[in-house]
2 protein chains.
Amino acid sequence: MRPEDREQIRRLNIFEGMDDENFDELIRASYLQTFPAQMELITEGEPADFLHIVIEGCVELFAQANGRESTMAMVYPVNSFILAAILKDAVYLMSARTNKKSRVLMIPAINVRRIFDTDPAFSKAMVVELSNCYRSVVKDHKNIKLRTSVERLANRLLRYRIAQQTDDITLPYDKKLLASNLGMTPENLSRAFNTLKPYGVRVDGNKISITDVDELANFAKPTPLIDDQSV
Amino acid sequence: MRPEDREQIRRLNIFEGMDDENFDELIRASYLQTFPAQMELITEGEPADFLHIVIEGCVELFAQANGRESTMAMVYPVNSFILAAILKDAVYLMSARTNKKSRVLMIPAINVRRIFDTDPAFSKAMVVELSNCYRSVVKDHKNIKLRTSVERLANRLLRYRIAQQTDDITLPYDKKLLASNLGMTPENLSRAFNTLKPYGVRVDGNKISITDVDELANFAKPTPLIDDQSV
DNA sequence: AATGTTTCTTGATAATTGTCAATCCCAGGA
DNA sequence: TCCTGGGATTGACAATTATCAAGAAACATT
């Protein structure tokens, strides 16, 4: 592992308060792997053997049942995914695959759990991380239950606008994936974009211009309790 | 507080490994309150001041946005709700109201956080509890994203059948609430029950008979990764 | 027992969303 | 440069679900 990677990882919230010896042990036991796009990292239903942390690239968490599939979340650097199954020593409830070429740190679950039991700063940080994961899923669930698909798209565009600090946003992944993440078909996503035309949304491939943010926000009706990722 | 209540609470997973002094402190600081039905206990968006534990009765967690409302979960004795907001010292993302007359233990967040930091058995138990909460929401989210409303009803009936260990189940709360919890309107719930008639489902008020469990399961296609509450 | 209120059902209709198919466009590889 | 494969759009149609309204049924109150 390169020293700059090690430093980057050390600065992660979940590791930064950790005792030095424990961190060294964790890193020694870990694998930092590069995966090509569309590589399945974990499969739902299997035992959780590693804690994964996205160092570079992007990972899609998805679920499958009865011949259907849906994108549950996108994980960006530098974030972990599926912490609960590790802490509970349970099976994964979702699968994960790389969306683009990615570098992923894989920490054996057994080490995570051992250090969790012995390093208070680490266990506290893990709890905060897990709380964030829980609240994020609750917000996603509210989004699906309380909004129509067009409203979900509108709010997502407003979120990208804030994150990218520009009215001219670039979708971070392809529209098929965005549709699945927002709980609709690609066809319906196309239609939703067209529905937002009267609210000033201009579409050119993966470039979206928001020409009247007030109109769009008036339609979308964002609420921090769903849309603010820091809440 | 009655000794039998205290004993019951002590036996909860999250408290049973806790140091005696810490438990005494927690109980001294807490309130055990009886609330009538339809009493709002917490409101989304407000700071999380207490950890609530349902001792008797039933509590509905619900969310509101843009004039709409949806039931997110039902909490039964003896369970806590909305742990993440306490641990993170954040606002509630959902509201809660009693569904029937209920007894609820309210523990000040400040005491929870203090003991969390000092009692390793308690913090470990809290993490397992939080992991369970996270996984439960993930499963609910998968249920909504991957199934039609009729399929959701069918799987819910199969779940009640297992829990009640009988083909003749009693719905645990009214149909309006069940509809909201399953993410549909009451009208659509009525229709969904009718759709399940050819699969052997007989409805008499809040009594439901499952007369052909294989046919129903063949339609419902349950999967432990969504439907098994112990996974 | 009568009355009032709430829940639930049912029908008609509208709206939303999915499915299927055809076509276009773009990116990557030979 | 050409070809191929995959993503995206659009249209037609189907399916699912919501909305509105009326009536029936169940429950609570006087």
Side-chain angles (χ1 to χ4, degrees), chain A residues 36-38 58 60 65-71 97-101 143-157 170-198 201-208 219-220, chain B residues 36-38 60 65-71 97 99-101 143-157 170-198 201-208 219-220:
Chain A
Q38 304 308 323
C58 179
E60 175 199 4
N66 194 20
R68 295 176 202 137
E69 176 177 305
S70 189
T71 302
R97 65 192 158 209
T98 51
N99 176 247
K100 53 190 349 185
K101 181 174 152 186
N143 200 30
I144 290 275
K145 288 192 98 176
L146 295 170
R147 285 177 174 155
T148 65
S149 52
V150 184
E151 286 165 348
R152 296 199 289 278
L153 175 60
N155 279 287
R156 183 60 71 89
L157 295 180
T170 302
L171 299 180
Y173 38 83
D174 68 43
K175 285 182 184 175
K176 198 162 138 188
L177 194 51
L178 177 61
S180 187
N181 187 220
L182 291 175
M184 70 184 90
T185 61
E187 292 95 332
N188 209 40
L189 179 68
S190 282
R191 293 192 183 100
F193 271 119
N194 285 336
T195 303
L196 291 182
K197 242 191 221 154
V201 174
R202 302 290 174 259
V203 180
D204 176 16
N206 69 342
K207 312 283 191 212
I208 316 290
F219 172 78
Chain B
Q38 304 308 320
E60 174 200 4
N66 195 20
R68 297 176 201 138
E69 176 178 304
S70 189
T71 303
R97 66 191 158 208
N99 176 247
K100 51 187 1 183
K101 181 173 152 187
N143 200 29
I144 290 277
K145 287 191 99 175
L146 294 170
R147 287 177 171 154
T148 65
S149 52
V150 183
E151 286 166 347
R152 297 199 287 278
L153 175 60
N155 278 287
R156 183 60 70 89
L157 295 181
T170 302
L171 299 180
Y173 38 81
D174 68 43
K175 287 182 182 173
K176 200 161 134 187
L177 194 51
L178 177 61
S180 186
N181 186 221
L182 291 175
M184 70 184 91
T185 60
E187 292 95 330
N188 209 42
L189 179 69
S190 283
R191 293 191 182 97
F193 271 118
N194 285 337
T195 302
L196 292 181
K197 246 195 218 151
V201 174
R202 303 289 173 259
V203 179
D204 177 18
N206 70 340
K207 311 283 191 211
I208 316 290
F219 171 79

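So you know, we letter chains A, B, ... as the sequences are listed, proteins then strands, and number each from 1.
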Could you measure the distance from the CG atom of Asp204(A) to the OG1 atom of Thr170(A)? Nearest 0.5 Å is fine.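 Asp204(A) atom CG to Thr170(A) atom OG1 measures 10.5 Å (nearest 0.5 Å).
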Straight-line distance of Ile208(B) CD1 to Arg202(B) CZ, nearest 0.5 Å: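 Here the rounded value is 11.5 Å.
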Considering non-hydrogen atoms only, spot the tightest contact between [X] and [Y] and give its length.
{"X": "Arg68(A)", "Y": "Thr148(B)", "value": "NH1-N, 4.2 Å"}
{"X": "Val203(A)", "Y": "Lys175(A)", "value": "CG1-NZ, 3.4 Å"}
{"X": "Ala37(A)", "Y": "Asn99(A)", "value": "CB-O, 4.0 Å"}
{"X": "Asn143(B)", "Y": "Arg152(B)", "value": "O-CD, 3.6 Å"}

Rounded distance in Å - [atom1] ([X]) to [atom2] ([N]):
{"X": "Glu187(A)", "N": "dT16(C)", "atom1": "CD", "atom2": "C1'", "answer": "14 Å"}
{"X": "Leu153(B)", "N": "dT17(D)", "atom1": "CG", "atom2": "P", "answer": "12 Å"}
{"X": "Arg68(A)", "N": "dG18(C)", "atom1": "CZ", "atom2": "P", "answer": "11 Å"}
{"X": "Tyr173(A)", "N": "dA27(C)", "atom1": "OH", "atom2": "P", "answer": "20 Å"}
{"X": "Met184(A)", "N": "dT17(D)", "atom1": "CE", "atom2": "C1'", "answer": "16 Å"}
{"X": "Leu182(B)", "N": "dT16(D)", "atom1": "CG", "atom2": "C1'", "answer": "16 Å"}
{"X": "Glu151(A)", "N": "dA15(C)", "atom1": "CD", "atom2": "C1'", "answer": "13 Å"}
{"X": "Asp174(B)", "N": "dT5(C)", "atom1": "CG", "atom2": "C1'", "answer": "14 Å"}

Does dG7(D) have OP1 or OP2 sitting under 4.0 Å from an N or O in the side chain of Lys176(A)?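 True: Lys176(A) side-chain N/O within range (under 4.0 Å) of dG7(D) OP1/OP2.
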Ser149(B) side chain, from C-beta outward: closest of dT17(D), dG18(C), dT9(C):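 Among dT17(D), dG18(C), dT9(C), the one nearest the side chain of Ser149(B) is dT17(D).
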For Pro186(B) and for Thr148(A), find the nucleotide of DNA chain C with the closest heavy atom, then tell me which residue's nucleotide is more 5'.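 On the 5' side of the pair lies Pro186(B).
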Applying salt bridge (Lys or Arg N to Asp or Glu O under 4.0 Å), name anything that partners Arg97(B), two or more places apart in sequence or on another chain.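 In terms of salt bridge (Lys or Arg N to Asp or Glu O under 4.0 Å), with neighbours along the sequence ignored, Arg97(B) is linked to Glu60(B), Glu69(B).
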Could you list by number each residue of residues 188-198 of chain A showing a heavy-atom separation from DNA chain D of less than 4.0 Å, or answer none if no residue does?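 By residue number: Ser190(A), Arg191(A), Asn194(A).
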